[in-house]
Each structure stands twice: as C-alpha cells, then as structure tokens.
Amino acid sequence: AMHSLVRDLYRRIITVGADYPAGLPYVRERAKREFAKRRHLTDEVEIKRAINLGRFMVKEMVGVIRLKKYRVLKQRYVDAEPPEPATPLPPDQREPA
C-alpha cells in the first residue's frame, strides 16, 4: 500500500503541475519517473527524506510558475505603457497647460 504522505505529495505535484510552464503531461511523466526511482524505499526515515525532497521540488515549481506569471503580466502591462517620469519636472521645464 502507498504511504499516505506519498499519495498527498503526488496529489500536490499534479495540482501545482497544472500551471507549470512545461505543461501537466511533462510534470506527470517526470513525477512518475521520480516516484518509480524511490519505489523500493521501506525505511520510514528514508521515505520521509524523499517526501521532504519532493515538497522542496513543489516549492521550486511554485516559484517557477510565479516567475512565469510575473513575466507575462509585466510584458502585457508594464512594457506596453510608456514609462512614467520618476520625479516631477521643474516648473521651467513643464509644458504650458
């Protein structure tokens, strides 16, 4: 039987993977490969260590997703608008109203 923490980690990976830039099929395939590599683990400490590594990888995936979303928004909104002047112009350099 699969360890409940392992099942929870797999669910988390799949949920986060839905937004991953490489796509859910890539994430699912990669996750299956990584889980299969560690299928032989029986020691509770080793299982927990592998789960912690998996949780770390989920955090990394979330970071990549946030970066991707940030870049898309920046490209869509910030890069499209002309930059605002950082400081108001002195009165002698302002355009007459």
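Only this structure's heavy atoms are used, side chains among them; waters, hydrogens and symmetry mates stay out.
Interatomic distance, R11 CZ to I14 CD1, rounded to the nearest 0.5 Å: 11.0 Å. Once rounded to the nearest 0.5 Å, the distance linking CG of N52 with CG of L9 reads 9.5 Å. With rounding to the nearest 0.5 Å, the separation of CG in L67 from NZ in K74 is 11.5 Å.
For residues 54-69, the pairs satisfying salt bridge (Lys or Arg N to Asp or Glu O under 4.0 Å) are D19-K69, with sequence neighbours left out.
Within the hydrophobic cluster formed by Ile, Leu, Val, Met, Phe, Trp and Tyr side chains joined at under 4.5 Å, directly or through other members, F56 is accompanied by M57. Hydrophobic clustering, defined by side-chain heavy atoms of Ile, Leu, Val, Met, Phe, Trp and Tyr closer than 4.5 Å, leaves L53 isolated from every other such residue.
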Review item, side-chain donor-acceptor pairs of residues 37-45, under 3.5 Å, at least two apart:
residue: K37; atom: NZ; partner: E34; partner atom: OE2; Å: 3.3
residue: R38; atom: NH1; partner: E34; partner atom: O; Å: 3.1
residue: R38; atom: NH1; partner: E34; partner atom: OE1; Å: 3.0
residue: H40; atom: ND1; partner: K37; partner atom: O; Å: 3.3
residue: E44; atom: OE2; partner: H3; partner atom: NE2; Å: 2.8

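Checked against side chain to side chain donor-acceptor pair (under 3.5 Å), R49 has the following partners two or more places apart in sequence or in another chain: E46. Residues passing the ring pair (Phe, Tyr, Trp, His ring centres under 6.0 Å) test with F35 are Y10, sequence neighbours excluded. In this structure, the side chain to side chain donor-acceptor pair (under 3.5 Å) partners of R12, at least two apart in sequence or on a different chain, are D8. By the side chain to side chain contact (heavy atoms under 4.5 Å, CB included) test, A18 pairs with no residue at all, sequence neighbours left out.
Contact check for V16 versus I65: side-chain heavy atoms found under the 4.5 Å cut-off.
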